[in-house]
Chemist: 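Structure incoming, see below.
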Amino acid sequence: MDQKQNTVRGTLFVISGPSGVGKSTLVREALSELDNFTRSTSATTRSARTGEVQGKNYHFLSETEFKKMIENKQLLEWVEYCGYYYGTQVKFVEDNLSKGINVVLEIEVIGAMKVKKTMPDAYLIFITVSDTVQLEKRLRKRATECETVILNRIEKAKEEMKYEKYYDCIIINNNYNEALKNLLHVLTSKSGGILNK
Ligand code: 5GP
């Protein structure tokens with residue numbers, strides 16, 4: 001019998017939340033505690049920040065390379081965000097889902113809405129904090145960007161928070177350990193996954 005027919009397809013999780021909310025740390029930590037999950041590495045035209053690694057944090061591409069991927073229909077979704085392109089590679093997502101591996105996309109809200117439309121079975125998680133003052137503080141503390149970029153991201157964050165109603169679940173990250181516990185619970189219960197510890 002064809003082995004593919006026996007494999008239960010993985011679940012696609014889409015995780016969004018305003019910049020500075022702590023999504024990346026939460027996702028990284030949650031995935032380190034779970035078996036059978038992988039995080040998709042997006043393509044982007046923005047430059048690498050200090051400490052970011054090509055192919056690990058992102059596939060850093062030129063605008064020409066990115067546009068070629070759009071043309072060749074290699075992206076499940078893509079957006080222009082704060083002046084740069086970001087996109088999810090369809091092949092990575094499909095290859096893993098079909099092998100039964102759960103895939104996590106950490107993407108912004110417009111891309112998330114596009115994924116929900118093309119893949120209605122995707123489970124959408126929104127990570128947020130209870131107020132924007134706290135978010136602004138966190139963005140300033142991070143200080144990896146200049147003031148104009150920070151202000152731009154704060155505005156964007158307020159816009160993004162309006163989309164939380166379209167998500168299947170909302171996780172508040174006021175307390176890190178609690179947010180991590182909640183994220184792990186959602187990822188395991190919606191995928192049939194198990195904790196590896
Ligand atoms: P950053 O520049 O801070 O790494 O990312 C900016 C925003 O783009 C974040 O909200 C991040 O989740 C989102 N993002 C990263 N990769 C993708 C992607 O492939 N598609 C979309 N739509 N958003 C992405």
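Both ligands and their constituent atoms are indexed starting at 1 by order of listing. We use all heavy atoms of the structure for the numbers below, so side chains are in, but hydrogens, waters and symmetry mates are not.
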Chemist: Compute the shortest N/O to N/O distance between Ala43 and ligand 1 and return yes if it is under 3.5 Å, no if not.
Modeler: no
Chemist: Is any N or O atom of Glu160, backbone or side chain, closer than 3.5 Å to an N or O atom of ligand 1?
Modeler: no
Chemist: Step by step, would you call Phe92 with Ser40 a side-chain contact (heavy atoms from CB on, under 4.5 Å)?
Modeler: CA-CA 7 Å; Phe92 178 87; Ser40 161; 3.8 Å; yes
Chemist: For Tyr84, which part has a heavy atom under 4.0 Å from ligand 1: side chain, backbone, both, or neither?
Modeler: neither
Chemist: Establish, for the pair Lys114 and Trp78, whether the NZ or CZ atom is under 6.0 angstrom from the six-membered ring centre and no further than 45 degrees off its axis.
Modeler: yes
Chemist: Please identify which atoms of ligand 1 are closer than 4.0 Å to at least one heavy atom of Val79.
Modeler: 21 (C), 22 (N)
Chemist: Only one of Arg9, Lys99, Gln89 forms a side-chain hydrogen bond (donor to acceptor under 3.5 Å, both in side chains) with Glu94, so which one is it?
Modeler: Arg9
Chemist: Which bit of Lys23 is near ligand 1, meaning a heavy atom under 4.0 Å away: side chain, backbone, both or neither?
Modeler: side chain
Chemist: Would Ser19 count as a polar contact of ligand 1, with the cut-off being nitrogen or oxygen pairs under 3.5 Å?
Modeler: no
Chemist: Are Leu12 and Val79 connected in a single hydrophobic cluster, I mean Ile/Leu/Val/Met/Phe/Trp/Tyr linked by side-chain heavy atoms less than 4.5 Å apart?
Modeler: yes
Chemist: Which one of Glu52, Gln89, Arg46, Glu106 has a non-hydrogen atom at the shortest distance from atom 11 (C) of ligand 1?
Modeler: Glu106
Chemist: Apply side-chain hydrogen bond (donor to acceptor under 3.5 Å, both in side chains) to residues Glu77 and Thr88 and explain how you reach the verdict.
Modeler: CA-CA 6 Å; Glu77 60 75 39; Thr88 305; 2.5 Å; yes
Chemist: Which is closest to atom 23 (N) of ligand 1 in terms of heavy atoms, Arg49, Glu108, His59, Glu80?
Modeler: Glu108
Chemist: Taking only heavy atoms of Tyr81, which atoms of ligand 1 are found under 4.0 Å from at least one of them?
Modeler: 6 (C), 7 (C)
Chemist: Is there a donor-acceptor contact under 3.5 Å linking the side chains of Ser24 and Glu106?
Modeler: yes
Chemist: For Met113, which part has a heavy atom under 4.0 Å from ligand 1: side chain, backbone, both, or neither?
Modeler: neither
Chemist: Under 4.0 Å from a heavy atom of Ser42: which atoms of ligand 1 are those, numbered in the order shown and with their elements?
Modeler: 16 (N), 17 (C), 18 (C), 19 (O)
Chemist: If we ignore angles and hydrogens, is there a donor and acceptor under 3.5 Å between the side chains of Tyr123 and Thr11?
Modeler: no
Chemist: So, Glu63 and Lys67, do they make that salt bridge, N to O below 4.0 Å?
Modeler: yes
